[in-house]
Participant: 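The structure that follows is given in the form of structure tokens.
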Amino acid sequence: MLILAFVFANHFNIVGMGKDFSNNLGVHYNLVLFGGLTIAALITASVVVVVGSISYIGLIVPNLVAMFKGDKIRGTLPDVALFGAIFVLVCDMIGRVVIAPYELPIELIIGILGSILFIGLLMYRLKHGRKVVRVGELLRKQFGIRKMAEEGDCAK
């Protein structure tokens with residue numbers, strides 16, 4: 001199912017732009033929408049059966065990745081999977097370390113960190129809108145770092 005989601009990612013982007021837009025591009029809106037919802041439901045059901053219900057993963061991780069990479073599904077799908085796995089791993093390690101001989105449930109740690117990240121994400125979106133965060137520009141602005149061409153350090 002994950003391979004199907006990756007193959008049809010461009011069609012999902014087109015359907016996300018609206019019915020008229022997708023019909024003008026020759027994409028069958030209802031068929032792709034139904035197929036996308038079916039694929040998402042099957043992937044979600046299989047993950048919940050194997051792992052259990054973990055809150056905030058599907059809400060926080062894709063939005064954080066979209067802030068840095070944009071909204072193109074094909075480009076962000078591997079990054080969302082990798083960042084989601086890293087986020088769950090870090091939360092699991094925190095749950096094992098906080099009260100050392102015992103363990104806190106991963107749902108608790110993800111719920112706490114997820115709610116903090118979600119509030120921060122909402123505050124950022126209220127202030128900046130749907131702008132993509134450019135890490136290089138952010139570092140230059142924060143720390144006064146200039147580009148090499150601006151400094152005149154280019155070889156002549």
Side-chain angles (χ1 to χ4, degrees), residues 1-2 5-25 27 29 32-41 43-45 47-48 51-99 104-154:
M1 282 292 129
L2 193 59
F6 191 72
V7 168
F8 290 109
N10 289 336
H11 288 81
F12 299 150
N13 277 337
I14 292 170
V15 167
M17 293 180 189
K19 188 172 187 172
D20 293 334
F21 193 81
S22 61
N23 286 335
N24 288 338
L25 289 176
V27 175
Y29 179 80
V32 174
L33 185 66
F34 179 74
L37 289 174
T38 303
I39 290 170
I43 290 172
T44 303
V47 168
V48 169
V51 178
S53 174
I54 299 177
S55 59
Y56 289 110
I57 292 295
L59 185 64
I60 299 295
V61 174
N63 285 308
L64 284 176
V65 171
M67 280 178 58
F68 292 97
K69 297 274 292 193
D71 286 335
K72 190 173 180 185
I73 296 173
R74 184 177 291 248
T76 60
L77 195 61
D79 296 327
V80 168
L82 181 66
F83 185 67
I86 291 171
F87 183 67
V88 170
L89 180 66
V90 168
C91 289
D92 185 44
M93 290 189 310
I94 291 171
R96 292 173 189 258
V97 171
V98 171
I99 50 175
L104 290 174
I106 192 168
E107 294 89 5
L108 177 70
I109 303 298
I110 290 180
I112 292 169
L113 289 179
S115 61
I116 293 169
L117 286 172
F118 185 67
I119 290 170
L121 183 66
L122 285 176
M123 300 305 260
Y124 179 84
R125 292 289 168 112
L126 285 174
K127 185 176 180 183
H128 299 287
R130 294 214 30 107
K131 265 197 260 183
V132 175
V133 177
R134 301 285 182 214
V135 177
E137 293 173 13
L138 185 67
L139 289 175
R140 281 192 291 276
K141 213 183 284 185
Q142 286 291 99
F143 301 111
I145 300 171
R146 297 185 300 179
K147 291 182 182 177
M148 295 294 281
E150 293 174 359
E151 295 175 358
D153 292 338
C154 296

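Everything numeric in this text was worked out from a predicted model, so none of it was measured. Sequential numbering from 1 along the given sequence is applied to the chain's residues.
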Participant: Which pairs pass salt bridge (charged side-chain N to carboxylate O under 4.0 Å, His left out) with one or both residues in residues 84-97, sequence neighbours excluded?
Facilitator: Asp92-Arg96, Arg96-Glu103
Participant: Assess whether side-chain contact (heavy atoms from CB on, under 4.5 Å) is satisfied between Asp79 and Phe68, documenting all intermediate values.
Facilitator: CA-CA 10 Å; Asp79 296 327; Phe68 292 97; over 6 Å; no
Participant: Can you tell if the side chain of Met67 reaches within under 4.5 Å of the side chain of Leu121, non-hydrogen atoms only?
Facilitator: yes
Participant: Donor-acceptor pair, distance only, cut-off 3.5 Å: does the side chain of Arg125 make one with the backbone of Gly120?
Facilitator: no
Participant: Residues in ring pair (Phe, Tyr, Trp, His ring centres under 6.0 Å) with Phe8, at least two apart?
Facilitator: His11
Participant: Only one of Leu33, Leu77, Val32 passes side-chain contact (heavy atoms from CB on, under 4.5 Å) with Phe12; say which it is.
Facilitator: Val32
Participant: Please round to the nearest 0.5 Å and tell me the distance separating atom CD1 of Ile116 and atom OH of Tyr56.
Facilitator: 10.0 Å
Participant: Can you name the nearest heavy-atom pair linking Ile43 to Ala5, along with the distance?
Facilitator: CD1-CB, 4.3 Å
Participant: Between Asn10 and Lys72, does the side-chain contact (heavy atoms from CB on, under 4.5 Å) criterion hold? Intermediate values first, please.
Facilitator: CA-CA 8 Å; Asn10 289 336; Lys72 190 173 180 185; 4.1 Å; yes
Participant: How long is the gap from CD on Glu107 to CD1 on Ile57, to the nearest 0.5 Å?
Facilitator: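 With rounding to 0.5 Å, CD (Glu107) is 10.5 Å from CD1 (Ile57).
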Participant: Just how far is it from atom OG1 of Thr76 to atom CG of Asn13, taken to the nearest 0.5 Å?
Facilitator: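 If I round to the nearest 0.5 Å, the distance is 8.0 Å.
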Participant: Going from SG on Cys91 to CD1 on Ile86, what distance comes out if it is rounded to the nearest 0.5 angstrom?
Facilitator: 12.0 Å
Participant: Of the non-hydrogen atoms in Phe21 and Ile14, which two are nearest, and what is the gap between them?
Facilitator: CD2-O, 4.3 Å
Participant: With rounding to the nearest 0.5 Å, note down the distance linking OH in Tyr124 to CG in Leu117.
Facilitator: 14.5 Å
Participant: Give, for atom OH of Tyr29 and atom CG of Asn24, the distance between the pair rounded to the nearest 0.5 Å.
Facilitator: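 Separation between the atoms: 13.5 Å.
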Participant: State, to 0.1 Å, how close Gly75 and Pro78 come at their nearest heavy-atom pair, and which atoms those are.
Facilitator: O-CD, 4.1 Å
Participant: Taking Ile94 as the fixed residue, which of Ile106, Ile112, Leu104, Leu113 is the one that meets the side-chain contact (heavy atoms from CB on, under 4.5 Å) rule?
Facilitator: Leu113
Participant: More than 12 heavy atoms of other residues, nucleotides or ligands under 6.0 Å from CZ of Phe118: yes or no?
Facilitator: no
